[in-house]
Structures are given as C-alpha cells and as structure tokens.
Amino acid sequence: FLTTMASSFTVCRLHMRGRILSKRYCSSALSSAEKIECKSLHALQVERQDQAEKSVLISCQSRTSEKKFLKFLSKHGDIKKYFFYESYGVYAVVEFASRDSVSSLLESATIPSISQESIVPFKSRLLSIRNLSSVNQQLNRKHLGFLLLGCVEQQILSLTKAYQLTEENSRLRFLVCSLLKDIAAAYFPECTIRPFGSSVNGFGKLGCDLDMFLDLDSISGVCLQPKSGFSLEYQMKRVNSERAITQSVLSVIGECVDQFGPGCAGVQKILNARCPLVRFSHQPSGFQCDLTANNRVAMKSTELLYLYGELDPRVRSLVFTIRSWARSHGITSSIPGAWITNFSLTIMVLFFLQRRGPPIIPTLDHLRDLAGPEDRSMIEGSDCTFVRDFSKIQLQNNTETLEQLLCEFFEFYATFPFSRMSINIRKGKEQNKPEMSPLHIQNPFETSLNVSKNVNSTQLDRFMALCQESSWLLQQNKTSTPNNTPTPWGLATLLLPSQVAGIKSGKKRRREPASERIKSLLESLKKQNQEKTG
Ligand code: CTP
Ligand code: MG
C-alpha cells in the first residue's frame with residue numbers, strides 16, 4: 001500500500017508554485033499557528049523543526065479519497081495536522097502527534113517492486129500511497145483581481161497577503177530541511193539543517209528558493225577535561241582550513257543527495273564560490289534548494305531582517321511591493337548575474353525606512369547598543385550583536401501611509417547619489433563609498449564587504465530610471481481616482497512592464513509570469529467590460 005519513493009521525475013518545473021488543495025487544523029492548533037507571528041525567530045524555528053520531524057510527505061494519486069487516506073494513516077497514531085498541495089502531482093503533508101507514529105508508518109511501508117529499473121534502497125519520509133478511490137478536491141486558485149480594487153494602500157496589503165509564504169508553504173520548507181537532515185545524518189547524526197534567507201526572514205514570496213544551512217556546530221564532545229586520571233578524546237582528521245572542511249562536507253553530502261535523495265534532481269556542486277553550496281531541485285515540493293554549511297553570518301542577517309519585519313507592518317508590505325515591482329521589470333532575476341538581488345533590494349528598503357523623518361525603524365548600531373550580554377555574537381571576527389528582545393526597542397511615531405512611502409521610495413532612489421555614497425543600515429546614513437563599484441551596500445555584519453558588488457552600471461541606471469518613471473506614474477494616479485472600469489490603476493500600473501514607458505534596457509526584457517498573469521487578467525476583464533457596455 002505504502003511504498004518508499006525512490007523514482008525520479010522527468011518533468012522539471014523549478015519555480016512552479018504549489019497550490020494548496022485542502023487543509024485541516026484542529027481549532028487549538030489554528031490559534032497556535034496564528035500566535036507564531038509574535039515569536040522570536042529562534043522559538044519559531046524550534047517549533048517548526050519539531051513539527052517537521054513528526055511529519056511525512058506523501059505523493060498521492062490525483063483522486064485520493066481524503067477520508068480513506070486519513071483513516072488509513074491514523075492507524076499509526078493521531079494526526080495533528082495535514083494538508084494537500086499540488087506540484088508535480090498531488091502531495092500530502094501529514095504531521096502526527098508523536099514521532100512513534102512516524103516510525104510505525106515507516107515500518108509498514110514496502111520497497112517498490114520495479115521490473116525494468118533498479119532502485120536505491122534509501123528509505124526516507126517521502127512516500128507514495130496507491131490504490132485509493134476518487135475524491136472531490138476543490139482547487140483553491142489565487143487570483144490577481146485584487147490589483148484592480150481599492151486604493152493603493154489596499155492594493156499593497158492585498159499583494160502582500162497573496163504572495164507571502166503561507167503556513168503550509170512554510171511547514172513544507174521545514175519538512176524538506178528535515179528530510180535532507182536524514183540524508184546528512186548518515187555521516188553526521190547530530191547535525192541539523194535549518195532554513196535561512198527569505199524562507200524564514202518574513203520577506204519570502206511563494207516560489208522563492210529554499211536556502212538551507214547544514215549546522216555541524218551542534219556536534220560536540222564533553223568539554224570538561226578531568227584534572228587527573230584517564231580521559232578519552234576522538235581522533236579526528238585535521239584539515240588546513242574551515243573552508244576546506246565546508247567544501248569536503250558539502251561535496252560528500254551533495255553526492256549523497258544526488259545519488260540517494262528521493263525526489264532530488266539536477267544536483268550542482270558549486271564549491272569554489274565565496275560561500276560554497278550544493279544547488280538542486282527538490283521535485284516533490286517544487287523548491288529550488290541551496291545547501292550551504294559554515295554560513296553563520298547569513299543566519300544572523302536572516303534574524304536581523306526578520307526582526308525589522310516584525311517591528312512595523314509597513315516594513316514587510318513595502319519590501320514585498322518593491323520586490324514584486326523589481327521582479328516584474330526584470331530588475332531582479334532568478335538567474336545569477338549583474339542584477340540587484342532581493343537581499344540588496346531589501347536592505348535598500350530598510351535603509352530608506354531609516355531615513356524617514358521620524359525614522360520608521362532604528363539603525364543597526366542602535367540595535368547593537370540595546371543588546372544585553374545574552375545577545376552577544378562574534379562570528380569569524382565580525383560583530384553580529386544586536387538586541388533580540390523586541391520589547392526593548394522603542395519606535396518613533398511615524399504615521400506615513402504605504403502609498404506615501406512607496407512614492408517616496410521611488411523619489412529617494414531616483415535621485416540617490418550612488419556614484420559617491422554607500423548605503424549603510426548600520427549607521428542609518430549614507431557613507432562615502434570605500435570602493436568604486438557602481439552600487440555599494442555595506443554588508444550589515446561583514447562590514448568590509450559590499451552585498452551588491454555584482455551589480456553593473458547598466459543595471460543600476462535601469463533601476464534609477466524605473467524609480468523615476470514609477471514615481472511619476474504614482475503622481476499621475478493621485479490626480480485620478482479609481483473607478484469601476486478595469487483599467488490598470490495604482491499599483492497595477494507599476495507592475496505592468498508595458499505601462500512603464502520610455503525605459504530602454506538595451507536587451508529584450510523577459511516577461512515574468514506574475515506580470516503576464518496580471519496582464520491577461522486585465523485584458524480579459526477589459527474585454528468583458530467592453531462586451532457589457534458595447
Ligand atoms: N546573504 C548575505 N550576504 C549576501 C547574500 C546573501 O548575508 N551577499 C544572506 C542573507 O541573509 C539572505 C540569505 O543569505 O537573506 C539568502 O540569500 P539569497 O537566497 O540570495 O536571498 P533571499 O533573501 O533568500 O532572497 P530570495 O527570495 O531572492 O532567495
Ligand atoms: Mg533565498
């Protein structure tokens with residue numbers, strides 16, 4: 001009935017967004033899910049990891065009877081939460097109340113019998129269920145009609161709501177880390193794999209990549225050395241640098257993922273990068289994964305971004321809007337190159353919010369000054385200390401609306417003296433540029449580094465020109481009010497590349513799926529309207 005899944009998929013749709021088909025939470029569970037919002041990132045990660053370890057990922061036939069499916073699984077114990085989603089077929093994430101239930105379920109699973117192919121006998125918590133009869137599943141498609149409705153403020157809030165990571169998507173990210181940990185645990189049983197970056201920093205959009213950190217620091221021996229008598233120590237291989245260890249660990253784990261990892265495809269080992277990584281596609285979840293090790297500073301910057309996003313709801317909404325805007329104009333891209341990255345863009349938004357009068361968020365230096373001894377953190381010579389207790393942070397009374405902030409953001413960067421000045425969220429004030437890269441954004445913790453070193457002047461010019469154009473377009477909107485005709489309005493104007501006239505990229509711009517969908521939606525509504533009135 002249940003078979004461990006070792007087959008590989010042939011279809012490759014890396015950035016496909018999974019659709020949630022149905023979900024169930026008991027009422028107490030729902031309220032705890034809502035409460036997650038005000039937790040520290042650490043508490044949130046501990047809770048999510050625990051959920052993930054009690055969960056299994058099951059590939060279902062498209063017409064699986066939900067009732068029978070649950071009845072069958074609950075033979076192994078109480079199911080706490082579950083949901084179905086669609087990505088390369090239908091999948092279910094099932095969280096049991098106890099780990100014993102997962103062990104019991106795994107014991108009952110069989111190895112698939114395949115006649116033509118051979119299988120790698122690696123057992124994981126990724127399973128397939130078969131022989132179930134039909135069910136009626138309602139597809140819950142997200143639609144983009146919101147872009148036609150309401151004022152800019154409402155449009156921004158709707159955009160944020162529609163694209164931010166859902167509870168289910170976030171659980172799936174932790175589950176994929178937990179599945180990967182099972183592979184790495186073959187060599188390093190005490191390791192943990194934690195998500196970082198936009199999967200957990202509060203600024204993740206559905207479909208964003210899954211950045212994972214293989215943490216070997218949790219592997220520890222007994223620290224106390226006895227004063228006399230015998231003591232034992234492990235004999236361990238010595239290597240000449242931390243970097244060499246990271247490279248060899250990632251090389252071996254990458255090889256295991258490639259050779260044994262169910263559902264893992266397209267594994268690339270990028271070990272000579274500044275931050276060595278293994279990149280692959282996890283097909284059952286549809287996530288593009290980047291596995292790194294020894295990348296603790298990035299964990300801290302994730303925590304910092306999370307904190308800023310929690311301080312004021314306008315932070316997340318503005319970052320979301322700017323990220324969507326940048327993506328629809330090809331300012332950012334999923335392909336590595338001379339473009340501005342989402343991380344750089346997020347820091348630019350944070351910097352802008354620090355420059356408001358009064359500032360909406362404090363500087364990083366201020367957060368460091370508020371830190372207590374428990375917050376102290378030095379990583380490889382970089383001071384990563386900042387306060388983590390939100391209640392110690394006093395905010396100033398800034399009442400600007402999101403619409404004002406969006407407009408001001410575009411004005412601010414349309415005229416920013418990029419040629420002379422560097423963006424610095426530590427000081428909350430632009431600083432003289434220490435080197436001549438076109439765009440200089442100081443890395444918040446590794447202060448000698450520029451996070452946007454990759455950006456060339458063509459890309460920076462495009463960004464500035466688009467800021468100028470978008471600011472102008474928003475000014476035009478102020479003089480006209482929204483009406484009931486489905487013409488692009490407010491934020492919708494900004495997200496349609498065709499609306500932003502006069503911007504020449506030199507190269508033919510690739511149209512992004514989101515803006516394509518918005519465009520076709522607008523066109524079909526326009527047509528409907530013409531049919532009605534005509
Ligand atoms: N990071 C960093 N310094 C950089 C690039 C990245 O510290 N020069 C850290 C940041 O914490 C960032 C994380 O690594 O959030 C992951 O990087 P990346 O995947 O490039 O950015 P995300 O914030 O995850 O955004 P996206 O949705 O585009 O993946
Ligand atoms: Mg990322």
Side-chain angles (χ1 to χ4, degrees), residues 14-15 17 41 45 160 163-165 169-170 173-174 176-177 193-215 270 273-282 285-309 315-316 319-328 330-350 364 377 379-380 382-384 386 422-426 437 439-455 512 514:
L14 295 187
H15 293 285
R17 196 159 54 125
L41 182 59
Q45 286 192 313
T160 313
Y163 285 119
Q164 70 191 354
L165 298 186
N169 197 283
S170 176
R173 286 170 189 268
F174 277 84
V176 172
C177 289
I193 294 195
R194 292 190 277 152
F196 69 99
S198 59
S199 296
V200 284
N201 67 16
F203 301 118
K205 250 174 89 184
L206 287 167
C208 67
D209 68 356
L210 171 57
D211 302 296
M212 291 181 278
F213 169 64
L214 170 64
D215 188 356
I270 309 169
R274 191 182 76 80
C275 178
L277 72 136
V278 174
R279 177 165 288 171
F280 61 95
S281 152
H282 185 261
S285 60
F287 297 143
Q288 171 78 25
C289 301
D290 279 351
L291 177 68
T292 56
N294 196 13
N295 193 9
R296 273 169 230 101
V297 180
M299 298 300 294
K300 284 311 267 190
S301 59
T302 298
E303 202 177 338
L304 179 70
L305 262 50
Y306 176 82
L307 182 135
Y308 275 128
V315 178
R316 250 175 216 158
V319 170
F320 250 88
T321 309
I322 297 298
R323 284 181 64 154
S324 302
W325 165 83
R327 189 65 201 258
S328 64
I331 294 279
T332 52
S333 166
S334 56
I335 308 156
W339 347 104
I340 297 175
T341 62
N342 279 322
F343 182 58
S344 299
L345 204 57
T346 305
I347 296 194
M348 288 170 95
V349 177
L350 296 178
L364 178 51
S377 168
I379 300 172
E380 288 151 25
S382 300
D383 186 2
C384 301
F386 61 89
S422 158
I423 289 166
N424 185 316
I425 61 163
R426 188 162 268 289
S437 312
L439 176 59
H440 195 280
I441 302 175
Q442 191 195 52
N443 187 310
F445 298 118
E446 294 166 294
T447 52
S448 62
L449 300 179
N450 172 11
V451 300
S452 53
K453 205 176 166 61
N454 61 313
V455 177
E512 298 301 330

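Just follow the structure's listing: the first ligand is 1, and inside any ligand the first atom is 1.
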Donor-acceptor pair, [X] side chain versus [Y] backbone, under 3.5 Å?
X      : Y      : result
Arg316 : Gly202 : yes
Asn443 : Ser448 : no
Arg323 : Phe203 : yes
Ser333 : Ile335 : yes
Gln45  : Phe174 : no
Asn454 : Ala338 : no

* To do: Report the part of Arg323 (side chain from C-beta onward, or backbone N, CA, C, O) that has a heavy atom under 4.0 Å from ligand 1; answer both or neither where that applies.
  =>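 Contact part for Arg323 vs ligand 1: side chain (C-beta onward).
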* To do: Measure Asp211 to ligand 1 on non-hydrogen atoms and call it side chain, backbone, both or neither using the 4.0 Å cut-off.
  =>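 The side chain, only.
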* To do: Please report the closest heavy-atom contact between Ser199 and Asp209, naming both atoms and the distance.
  =>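 So the two residues come closest at OG-O, 3.4 Å.
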* Asked: Polar-atom distance check: Asp209 versus ligand 1, any N or O pair below 3.5 Å?
  ->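 Yes.
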* Pick from Ser199, Gly207, Ala298: the one approaching atom 9 (C) of ligand 1 most closely through a non-hydrogen atom ->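 When every heavy atom of Ser199, Gly207, Ala298 is considered, Ala298 comes closest to atom 9 (C) of ligand 1.
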* Heavy-atom proximity to atom 2 (C) of ligand 1, best of Phe445, Phe196, Phe343 ->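 Considering heavy atoms of Phe445, Phe196, Phe343, the nearest to atom 2 (C) of ligand 1 sits in Phe343.
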Please state which protein non-hydrogen atom is closest to [atom] and give its distance, to 0.1 Å?
atom                    : result
atom 25 (O) of ligand 1 : Ser198 OG, 3.6 Å
atom 7 (O) of ligand 1  : Ser301 OG, 3.3 Å
atom 15 (O) of ligand 1 : Gly197 CA, 3.4 Å
atom 28 (O) of ligand 1 : Asn342 ND2, 2.8 Å

* **Protein contact for atom 20 (O) of ligand 1 (heavy atom, distance under 4.0 Å)** =>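 Protein heavy atom within 4.0 Å of atom 20 (O) of ligand 1: absent.
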* Once rounded to 10 degrees, what value does the angle at the Mg ion (ligand 2) take between OD2 (Asp211) and OD1 (Asp209)? ->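 Once rounded, the angle between the two atoms at the Mg ion (ligand 2) is 100°.
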* Against heavy atoms of Cys208, which atoms of ligand 1 measure under 4.0 Å? ->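 It comes down to these atoms of ligand 1: 27 (O).
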* Numbering the atoms of ligand 1 from 1, which are under 4.0 Å from a heavy atom of Thr302? ->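 By the 4.0 Å cutoff, the relevant atoms are 11 (O).
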* So Phe196 and Phe213, would you call those rings parallel, tilted or perpendicular, with 30° and 60° as cut-offs? ->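 Ring orientation, 0 to 90° scale: perpendicular.
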* To do: Could you check if a side-chain atom of Arg296 sits within less than 4.5 angstrom of a side-chain atom of Ser382, using non-hydrogen atoms only?
  =>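 Arg296 does not reach Ser382 side chain to side chain.
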